[in-house]
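Before any comments, here is the structure.
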Amino acid sequence: MNFFKLKQTFEYLGYFETPENTQLIENLKQDIHQGGLIVVSGIVGSGKTTLLLHIQKELQLASQVIVSRSLSVDKEKINLGTLMTALFYDLSTKSGVKLPTQPEKRERQLLALIKKSRKPIALFVDDAHSLQTKTLVGLKRLIELVYQDGNILSVVLAGHPKLKNDLKRPVLEEIGARIRSMLMLEGIKNYQQEYIKWALIEATQKEVDWQELITEEALNFLAEKLATPLQVKQYLKQAFEQAYEVGQKLITIDVVETVLVKSLNDLEPQLIRYGYNVKILSQLLQVKPGEVRSFLNGQLSANQTQEMMDKILMAGIPLSS
């Protein structure tokens with residue numbers, strides 16, 4: 001960091017604003033004031049968590065909506081009880097909250113807390129693609145109970161595009177048909193160059209000109225190859241480390257090519273960014289895991305490969321060639 005005069009690392013740079021993100025936030029705010037289930041989807045690393053934190057801060061500053069979120073780190077085990085516990089803690093004005101263990105009593109006390117708040121409630125659930133179907137059904141029912149009681153509860157579900165695609169499937173019609181809106185976060189799509197420049201400016205000390213750190217050729221190459229804020233942060237960090245090791249003050253295209261993984265945009269990484277690993281694809285396409293691996297490794301015939309690609313596209317996964 002001293003070598004390049006960096007004031008902070010690339011991991012926590014904050015919120016990068018684009019016109020599309022600004023519009024998404026405005027749409028989301030309007031939906032929150034009306035209540036219901038709201039879905040925000042984006043590929044892995046597109047900036048969902050950063051965007052949610054930004055929205056939550058704006059809502060808290062405006063003081064028109066009470067913001068609630070689950071702090072549980074074990075995402076695979078989050079259920080309706082976990083999320084209702086989060087609501088209890090965030091809505092209660094008393095210390096030492098004691099949650100009722102009996103479901104009926106728990107629901108009644110939670111409804112009383114919501115009514116007492118006299119404001120719309122927004123519950124944010126990150127990594128919502130991990131939620132079980134019964135949890136989604138329970139959230140839907142809770143929203144309906146709050147509405148019947150004359151109040152407003154919005155549940156913002158943020159997750160991989162798999163979440164959005166699953167909610168469109170007929171087997172989840174009970175939930176999908178009641179989604180108020182499905183918003184797609186494009187991240188830095190079409191703004192890769194601007195994001196890289198912004199990241200360099202944010203990370204360096206004021207007296208440093210970012211153009212002294214990277215060549216235009218290297219910047220353009222990164223912008224062409226990378227698609228998400230997560231990727232930019234990761235490979236900028238590696239490029240700076242590589243340049244430091246050889247005592248080079250300028251990030252050149254040779255340095256970037258050294259650290260960039262050749263298989264970055266292969267089929268399997270693309271699918272994982274959308275939330276589909278081998279096991280999930282096997283269940284979705286109703287084929288054996290071995291067949292999926294053969295497909296990903298390019299070991300199927302041309303006809304079999306095309307058939308598999310068609311199934312994936314029909315499932316709502318827009319892959320690049």
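This structure is a prediction, so every number in the text was calculated from the model and none was measured.
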[X] vs [Y] side-chain heavy atoms within contact, under 4.5 Å:
X	Y	result
Pro161	Met184	yes
Leu213	Leu250	no
Leu167	Met182	yes
Glu186	Glu20	no
Leu226	Leu260	yes
Asp149	Leu145	no
Leu222	Ile214	yes
Arg180	Leu37	no

Please name the pair of heavy atoms, one in [X] and one in [Y], separated by the smallest distance, quoted to 0.1 Å.
X	Y	value
Ala86	Ser70	CB-CA, 3.9 Å
Leu13	Trp198	O-CH2, 3.5 Å
Ala243	Val255	N-CG1, 4.2 Å

Does Asn303 have any side chain to side chain contact (heavy atoms under 4.5 Å, CB included) partners at least two apart in sequence or in another chain, and if so, which?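 Residues passing side chain to side chain contact (heavy atoms under 4.5 Å, CB included) with Asn303: Ser301.
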
Determine yes or no for a side-chain-to-main-chain donor-acceptor pair under 3.5 angstrom, with [X] supplying the side chain and [Y] the backbone.
X	Y	result
Arg69	Val125	no
Asn21	Glu17	no
Asn265	Lys225	yes
Gln8	Glu202	yes
Ser282	Val287	yes
His129	Lys162	no
Asn277	Ile280	yes
Ser46	Ile43	yes
Thr258	Asp254	yes

Report yes if the distance between the aromatic ring centroids of Tyr191 and Phe16 is under 6.0 Å, otherwise no.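 For Tyr191 and Phe16, the ring centres are not under 6.0 Å apart.
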
Identified side chain to side chain contact (heavy atoms under 4.5 Å, CB included) partner of [X] from the options [options]:
X	options	result
Val156	Ile55, Ile32, Asp31	Ile32
Ile312	Tyr274, Phe295, Tyr276	Phe295
Leu157	Ile175, Leu139, Asp127, Leu123	Leu139

For the side chain to side chain donor-acceptor pair (under 3.5 Å) test, which of Arg106, Gln102, Arg108 pairs with Glu104?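 By the side chain to side chain donor-acceptor pair (under 3.5 Å) criterion, Glu104 pairs with just one of Arg106, Gln102, Arg108: Arg108.
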
Apply the hydrophobic cluster definition, ILVMFWY joined by side-chain contacts under 4.5 Å directly or through others, and give me every member besides Tyr147.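 Members alongside Tyr147: none; it stands by itself.
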
Per the ring-ring contact (aromatic ring centres under 6.0 Å, His included) rule, what does the pair list look like for residues 205-227, sequence neighbours excluded?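 Every candidate ring-ring contact (aromatic ring centres under 6.0 Å, His included) pair involving residues 205-227 fails, so no pair, neighbours aside, qualifies.
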
State yes or no: do [X] and [Y] share one hydrophobic cluster built from I, L, V, M, F, W and Y residues joined by side-chain heavy-atom distances below 4.5 Å, directly or via other members?
X	Y	value
Val39	Phe124	no
Ile78	Leu80	yes
Leu136	Val40	no
Leu6	Ile251	yes
Ile317	Val278	yes

Can you sort out the partners of Glu144 under salt bridge (Lys or Arg N to Asp or Glu O under 4.0 Å), two or more places apart, ordered by chain and number?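 Salt bridge (Lys or Arg N to Asp or Glu O under 4.0 Å) list for Glu144, sorted by chain: Lys140, Arg141, Arg178.
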
Write out all pairs satisfying side-chain hydrogen bond (donor to acceptor under 3.5 Å, both in side chains) with one or both partners inside residues 47-68, taking only residues at least two apart or from two chains.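 Listed once each, the pairs are Lys29-Glu58, Thr49-Asp126, His54-Glu58, Ser68-Asp90.
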
Sorted by first residue and then second, give each side-chain hydrogen bond (donor to acceptor under 3.5 Å, both in side chains) pair with at least one member in residues 231-252; sequence neighbours left out.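 For residues 231-252, and leaving out neighbouring residues, the side-chain hydrogen bond (donor to acceptor under 3.5 Å, both in side chains) pairs sorted by first residue read Lys237-Glu241, Gln248-Thr252.
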
Value rounded to 0.5 Å, distance of [atom1] in [X] from [atom2] in [Y]:
X	Y	atom1	atom2	answer
Ile196	Leu219	CD1	CG	4.5 Å
Asp209	Thr204	CG	OG1	8.5 Å
Glu212	Glu207	CD	CD	10.0 Å
Leu71	Thr82	CG	OG1	11.5 Å
Ile253	Asn220	CD1	CG	8.5 Å
Leu131	Lys77	CG	NZ	15.0 Å

State whether a side-chain donor-acceptor pair under 3.5 Å links [X] with [Y].
X	Y	value
Gln270	Asp266	no
Asp310	Gln306	yes
Gln132	Asn79	no
Glu217	Thr215	no

Just do the ring-ring contact (aromatic ring centres under 6.0 Å, His included) check on Phe240 and Phe3 with the steps written out, would you? CA-CA 10 Å; Phe240 273 88; Phe3 187 75; 9.6 Å; no

